[in-house]
J.: 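Questions regarding the structure given below will be posed in turn.
From a predicted model like this one, the values you see are computed outputs, not experimental measurements.
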Amino acid sequence: MNSLFKRLPRNRLAATRRSSRRRLHTQPHSHPLLATFSRLCVEGPFPAALALLPDLASAGLRADPVSLTRLVKLCVRHGTASDGRLIHRHVAAHGALSPGGLVVSNSLVSMYVKFGLLDDALRLFDGMPERNVVTWTTVVSALANADGKKDEALRFLVAMRRDGVAPNAYTFSSVLGACGTPGVLAAMHASTVKVGLDSDVFVRSSLIDSYMKLGDLDGGRSVFDEMVTGDSVVWNSIIAGFAQSGDGAGAMELFMRMKGAGFSANQGALTSVLRACTGMVTLEVGRQVHAHVLKYEKDLILHNALLDMYCKCGSLQDADALFRRMPQRDVISWSTMISGLAQNGRSTEALSVFDLMKSEGVAPTCITLVGVLFACSHAGLVEDGWYYFKSMEKLFGIRPEKEHHNCMVDLLGRAGKLDEALKFIHEMSLDPDSVIWRTLLGACRMHKNANLAAYAAREILKLEPDDQGARILLSNTYADLRQWTDAEKSWKAMRDRGMKKEPGRSWIELEKQVHVFIAGDLSHPCSDSIVQELNRLIGRISALGYVPQTEFVLQDLPIEQKEDLLKYHSEKLAIAFGTTHAMEGKPIRIMKNLRICGDCHAFAKLVSKSEGKVVIIRDPVRFHHFQDGACSCGDYW
DNA sequence: GCATCATCGA
């Protein structure tokens, strides 16, 4: 009985809505101008439809809400923000027929959001006489996607409920991403269960994504495993989650399962799998993915991911061949190629690609210029770097931001112009952040300037008192200078704060399996043969003049111990593993979590000569291609 | 007729 009463009025309301909608559609346009306007809003072109608004106004005619909504959508696709404001002003002054007024306003709010004008969207929202679940969802979603407005999105959700509007699947799938802590996410998850929306595919993929982004892999996994029905996006979410959290093997495994479950290898999943390969330097797996990519020749995102994978795996031949063959290229393709070349020590080519890009009329973005400046700094091209930095605003309309300033400090610092770098920092218009000081600190270490290093480290610690990197670099600098007391003081400060130095790790792919080596750790099942091989290699390269450079051991220890520490650096273990297992004629590809030390660099150069093998090592920022006794970085890194 | 999830470059 009770429920009947509740249902009745709602059904009636729906009936009235339906009939009014029918009226809107069937009512013949009483005026030819209105008929033309309606037709233009369906067929376009947008400018012609827009141009009719003043005529309608002066004729005293009211446009129907359906056409106005279509016009707003056209505006998002083909128009500009000021066209949008024009429509908004027209609607505000002349209105729309009443039953559809709310929908028109909603589409205007959404339009402002899509143009990135959140403030305008909120202002319109505030002034609206009525709001429905769509209105609220549009705003909640906009806040959830804006930087630093996640809490506000959650507050809007509360306000929405207080206003008597119940969130639906659209709302939840938007707001889940705004949950910044596991607790909030768990509560929101519970809400979706309570209203029975947790099985909605949109909500489910948001849940998975949010759990993964907060680092709760098991949480994401369990939402996924409970799934009875899902779509390919849900699969993509879980695969992307594993790929992004660095579990490439898990991502691959899920990808195979997805195919087993009858889903084809779609673009989203392939892109995520490529990302996993990119992170793990699994070139062979990446090549297999490439075979699947062939049938999506129009998918730029996928091709860009493939391009990046080849660059990050150090295979510039593949990258270059793909880049030439790509049916379309956008600025991301170009930027990827420029950075890829620069990171692989081919700065001059990176700059030529940049020239080519400009000559093809593609406008660079701020990221492109980061790549260009990176190329300059890693090749010691101080003059070119200055030129691009100084002229980027005039030539491309891109104002130098933090990253570009950082590249300049790197450029000057690497080149040994430490005083100039410091002067640059003091004179720059932005407030120097810890990243900049860290760059200067790195340069100080490279050029063994302990005083300036100490200054830079103090600046970092002022901004970030618990910064591990600053303390490590500072103590390493002291150690480089054999100032053991200062080094020890710095280490002690770290220990007191409970900090530990991250151990060096290297990864290598062998027959689609990834092997990890940790410095000083001989627990790998093949350790015996690896140590044997290491001894053999050291014997061979000693004949070429190799002497362990114990000054790269940053602790005050007896020489034998230093040699042992050096010998078992993770990249040496990986190289020895590589030379025993690598295929004839194929390069040995290694990824590292820390920068390569000078001794390992010399070691790798000589091994490339004595064994006639190409060794490629990728560290967090760049690559070293060792061949025939030389490195692509020209010993400048 | 308006609002939702995943996938690319420093």
Side-chain angles (χ1 to χ4, degrees), chain A residues 17 21 24-25 41-42 64-73 76 96 99-111 113-114 132-142 144-145 167-177 197 200-210 212 230-241 243-244 266-275 278 296 299-309 311-312 330-340 342-343 365-375 401-404 406-407 621:
Chain A
R17 277 199 191 130
R21 201 178 299 159
L24 281 176
H25 280 296
C41 289
V42 175
D64 64 293
V66 176
S67 300
L68 282 172
T69 308
R70 286 184 180 139
L71 182 67
V72 174
K73 279 198 122 176
V76 171
L102 177 57
V103 174
V104 177
S105 301
N106 283 345
S107 66
L108 285 168
V109 175
S110 162
M111 172 205 73
V113 171
K114 291 195 174 126
N132 63 7
V133 62
V134 177
T135 327
W136 283 100
T137 300
T138 308
V139 170
V140 166
S141 156
N145 291 326
N168 62 15
Y170 287 81
T171 326
F172 279 119
S173 59
S174 305
V175 83
L176 278 163
L197 287 172
D200 178 273
V201 286
F202 283 83
V203 173
R204 191 187 295 277
S205 62
S206 285
L207 275 170
I208 294 173
D209 185 53
S210 307
M212 299 299 227
D231 63 355
S232 60
V233 176
V234 178
W235 279 97
N236 294 349
S237 304
I238 188 94
I239 294 172
Q244 281 164 21
N266 59 69
Q267 289 107 312
L270 287 169
T271 308
S272 295
V273 169
L274 278 173
R275 181 167 175 154
T278 308
Y296 297 110
D299 193 303
L300 243 182
I301 294 182
L302 188 46
H303 277 79
N304 286 342
L306 190 59
L307 191 63
D308 190 43
M309 184 276 296
C311 288
K312 293 279 161 54
D330 65 359
V331 64
I332 295 187
S333 329
W334 287 97
S335 306
T336 303
M337 204 60 216
I338 291 169
S339 303
Q343 289 166 338
T365 66
C366 55
I367 296 179
T368 320
L369 277 142
V370 171
V372 169
L373 293 175
F374 183 94
E401 290 181 45
K402 273 194 306 208
E403 292 80 2
H404 307 100
N406 192 40
C407 284
V621 276

J.: Output yes when at least one side-chain N/O atom of A:K73 is less than 4.0 Å from OP1 or OP2 of B:dG1, else no.
T.: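 A:K73 to B:dG1 OP1/OP2: no side-chain N or O under 4.0 Å.
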J.: Counting side-chain heavy atoms from CB outward, which of B:dG1, B:dG9, B:dC5 is closest to A:T368?
T.: B:dG9
J.: Are any of A:K312's side-chain N or O atoms less than 4.0 Å away from OP1 or OP2 of B:dC8?
T.: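 No.
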J.: Holding to ring pair (Phe, Tyr, Trp, His ring centres under 6.0 Å), I want the full list of residues that pass it with A:F172, two or more places apart in sequence or in another chain.
T.: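 With sequence neighbours excluded, A:F172 shows a ring pair (Phe, Tyr, Trp, His ring centres under 6.0 Å) to no residue whatsoever.
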J.: Can a side chain N or O of A:K114 be found less than 4.0 Å away from OP1 or OP2 on B:dA3?
T.: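 It does, given that an N or O in the side chain of A:K114 lies less than 4.0 Å from OP1 or OP2 of B:dA3.
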J.: Less than 5.5 Å between centroids and less than 30° between ring planes, does A:Y170 satisfy that with B:dT4?
T.: yes
J.: Using a 4.0 Å heavy-atom cut-off across all strands, classify A:Q244 as base, sugar-phosphate, or nothing.
T.: sugar-phosphate
J.: Taking C-beta and beyond as the side chain, do A:L302 and A:L274 meet within less than 4.5 Å on heavy atoms?
T.: yes
J.: Name the nucleic acid region contacted by A:T336, choosing base, sugar-phosphate or nothing; use a 4.0 angstrom heavy-atom cut-off, strictly under.
T.: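 If one applies the 4.0 Å heavy-atom cut-off, A:T336 turns out to touch the sugar-phosphate alone, with no base involved.
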J.: With sugar-phosphate meaning primed atoms plus P, OP1 and OP2, does A:T365 contact a base, only sugar-phosphate, or nothing at under 4.0 Å between heavy atoms?
T.: base
J.: Of the candidate nucleotides B:dG9, B:dT7, B:dC5, which contains the atom at the shortest distance from the side chain of A:S205?
T.: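 The listed nucleotide nearest to A:S205's side chain is B:dC5.
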J.: Please identify each residue that fulfils side chain to side chain donor-acceptor pair (under 3.5 Å) with A:T368, with sequence neighbours left out.
T.: A:S335, A:T365
J.: Under 4.0 angstrom, heavy atoms only, what part of the nucleic acid is A:D330 near: base, sugar-phosphate, or nothing?
T.: nothing
J.: Once you apply a heavy-atom cut-off of 4.0 Å, does A:A240 come out as touching a base, just sugar-phosphate, or nothing?
T.: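 Result for A:A240 = sugar-phosphate.
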J.: Answer with yes or no whether the side chains of A:S333 and A:N304 bring together a donor and an acceptor at under 3.5 Å.
T.: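 Indeed, the side chains of A:N304 and A:S333 share at least one donor-acceptor pair under 3.5 Å.
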